[in-house]
Amino acid sequence: MVRPADAAPRPTADAVLDAAVRALTPDTAANRLVPRITTGEAPRSVFATFALEQHQIIASDRLSFRHLTHRADSDPPVAAFFELLADGETLALERLGALADACGLTPADLDGYRPRAGCQAYPSYAARLALGAEPVDVVIALTANFAAWGHYCAAVARSMRTHYDFPDAACGFFDLFAKPAPELDERALAAVQHGLDTGQARPVSAHRHGRLLQAYELMFWNSLTD
């Protein structure tokens with residue numbers, strides 16, 4: 001009896017997520033603002049603009065993540081990932097308040113602010129993904145994006161203290177995203193493994209989503225001083 005050739009090994013969630021992070025890492029020179037912050041060259045006013053824009057972004061992203069949670073309700077590991085993200089946005093909004101206070105922003109400033117299109121492209125695309133993309137593919141795309149976002153936040157948090165003399169409370173928003181998030185990582189792995197096991201995960205589509213998320217992420221940073 002002739003044995004069939006060994007089938008190619010099935011990809012693991014670890015491998016899929018690692019490949020996405022490596023493939024979608026943005027060019028270090030593409031972000032024009034963060035390097036200026038790390039050297040103290042960016043104006044202090046950029047942090048007020050950041051807070052004003054993020055106030056809008058967080059509200060939108062939280063709705064997107066809640067919608068993805070609902071769409072994935074028949075796939076509990078995937079829904080659990082987005083549920084944690086939605087809860088995290090609530091915490092992020094609380095942390096953002098300390099930055100807004102340190103920048104002298106008032107509730108009237110927040111309510112009357114006119115957002116910049118370049119800064120709001122990211123949450124607009126996230127909302128599009130929430131409406132129509134395969135949820136587990138969004139998990140892969142977001143995980144790759146969060147790696148870059150966390151790197152930027154860590155650099156900004158250090159520089160806020162060394163170059164801009166912000167108090168620790170004002171840096172809390174960036175600290176939140178700069179530190180490791182083991183529970184989120186575990187939920188991402190579980191979600192993607194579920195997607196692989198059920199045939200829902202499509203890494204090619206996930207990379208396409210991720211490339212656009214990374215591009216809109218860079219657009220956000222680069223639009224803050226336009």
Side-chain angles (χ1 to χ4, degrees), residues 20-21 23-39 41-65 68 85-86 88-93 95-100 102-103 105 109-110 113-131 133 138 140-160 164 166 170-178 181 184 206-226:
V21 170
L24 301 175
T25 298
D27 187 316
T28 55
N31 190 319
R32 299 191 299 272
L33 177 59
V34 170
R36 294 180 61 208
I37 292 175
T38 61
T39 59
E41 296 175 23
R44 188 182 177 89
S45 61
V46 78
F47 295 100
T49 306
F50 179 97
L52 289 163
E53 293 289 346
Q54 280 293 328
H55 187 75
Q56 303 285 330
I57 291 170
I58 290 171
S60 177
D61 283 352
R62 184 165 52 185
L63 287 174
S64 295
F65 297 149
L68 281 159
L85 285 187
E89 292 299 313
T90 298
L91 178 57
L93 188 61
R95 297 282 187 95
L96 189 67
L99 176 61
C103 292
L105 298 174
D109 294 326
L110 295 171
Y113 182 68
R114 298 173 64 182
R116 303 179 182 193
C119 291
Q120 297 301 315
Y122 180 102
S124 297
Y125 184 62
R128 174 181 162 185
L129 294 180
L131 287 174
V138 182
I140 297 170
L142 285 172
T143 298
N145 174 243
F146 290 164
W149 168 249
H151 173 75
Y152 296 145
C153 286
V156 171
R158 290 191 298 269
S159 301
M160 289 177 72
Y164 296 92
F166 275 102
C171 305
F173 176 90
F174 297 97
D175 291 338
L176 175 65
F177 294 104
L184 185 62
H207 283 217
R208 183 167 61 246
H209 302 328
R211 288 189 184 93
L212 285 171
L213 281 175
Q214 297 290 50
Y216 292 136
E217 167 87 20
L218 290 169
M219 189 183 295
F220 164 76
W221 289 102
N222 294 335
S223 297
L224 285 173
T225 55
D226 287 348

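Positions are given from 1, in the same order as the sequence printed here. Quick caveat: nothing in here was measured; it's all calculated off a predicted structure.
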Just to verify, what does Leu110 make a side chain to side chain contact (heavy atoms under 4.5 Å, CB included) with, not counting sequence neighbours?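 Leu110 satisfies side chain to side chain contact (heavy atoms under 4.5 Å, CB included) with Leu52, His55 once adjacent residues are dropped.
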
Stepwise side-chain contact (heavy atoms from CB on, under 4.5 Å) test for Phe220 and Gln54: CA-CA 10 Å; Phe220 164 76; Gln54 280 293 328; 3.4 Å; yes

Is there a side-chain contact (heavy atoms from CB on, under 4.5 Å) between Leu68 and Leu85? Walk through the geometry before answering. CA-CA 10 Å; Leu68 281 159; Leu85 285 187; over 6 Å; no

Check: [X] side chain, [Y] main-chain N or O, donor-acceptor pair, under 3.5 Å:
| X | Y | result |
| --- | --- | --- |
| Glu53 | Cys119 | no |
| Ser64 | Ser60 | yes |
| Asn145 | Ala141 | no |

When you look at NE2 of His151, are more than 12 heavy atoms from neighbouring residues, nucleotides or ligands closer to it than 6.0 Å?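 Open.
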
Is Arg44 atom CZ crowded by more than 12 heavy atoms from other residues, nucleotides or ligands, each under 6.0 Å away?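 Above 12, so yes.
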
Would you call the rings of Phe173 and Trp149 parallel, tilted or perpendicular if under 30° counts as parallel and over 60° as perpendicular?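 Geometry flag for Trp149 against Phe173: perpendicular rings.
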
Aromatic plane relationship, Tyr125 with Tyr216 - under 30° parallel, 30 to 60° tilted, over 60° perpendicular: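 Tyr216 and Tyr125: tilted rings.
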
Rounded to the nearest 0.5 Å, what separates atom [atom1] in [X] from atom [atom2] in [Y]?
| X | Y | atom1 | atom2 | value |
| --- | --- | --- | --- | --- |
| Leu129 | Leu213 | CG | CG | 5.5 Å |
| Arg158 | Met160 | CZ | CE | 13.0 Å |
| Leu105 | Tyr113 | CG | OH | 10.0 Å |
| His209 | Arg128 | NE2 | CZ | 8.5 Å |
| Tyr164 | Cys171 | OH | SG | 12.0 Å |
| Leu24 | Leu212 | CG | CG | 10.0 Å |

Heavy-atom pair of closest approach, residues [X] and [Y]:
| X | Y | answer |
| --- | --- | --- |
| Thr38 | Pro35 | OG1-O, 2.7 Å |
| Ala30 | Asn222 | O-ND2, 3.1 Å |
| Ala144 | Gln214 | O-NE2, 3.5 Å |
| Val34 | Ala155 | CG1-CB, 4.1 Å |
| Leu176 | Gly88 | CD2-O, 4.5 Å |
| Val156 | Ile37 | CG2-CD1, 4.2 Å |

Partners meeting side-chain hydrogen bond (donor to acceptor under 3.5 Å, both in side chains) with Arg116 (sequence neighbours left out):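 Here no residue qualifies.
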
Side chains of Thr90 and Arg62: any donor to acceptor distance under 3.5 Å?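 Result is yes, a qualifying pair exists.
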
is_close_aromatic(Phe174, Phe50), centroid dist under 6.0 Å: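 Between Phe50 and Phe174, which both carry aromatic rings, the centre distance is below 6.0 Å.
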
Show me the pairs that pass side-chain hydrogen bond (donor to acceptor under 3.5 Å, both in side chains) and involve residues 25-36, at least two apart or across chains.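 Residue pairs passing side-chain hydrogen bond (donor to acceptor under 3.5 Å, both in side chains), neighbours aside: none found.
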
Within the structure provided, determine whether Leu218 and Tyr152 are in side-chain contact (heavy-atom separation under 4.5 Å).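 Counting from C-beta outward, Leu218 and Tyr152 do come under 4.5 Å.
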
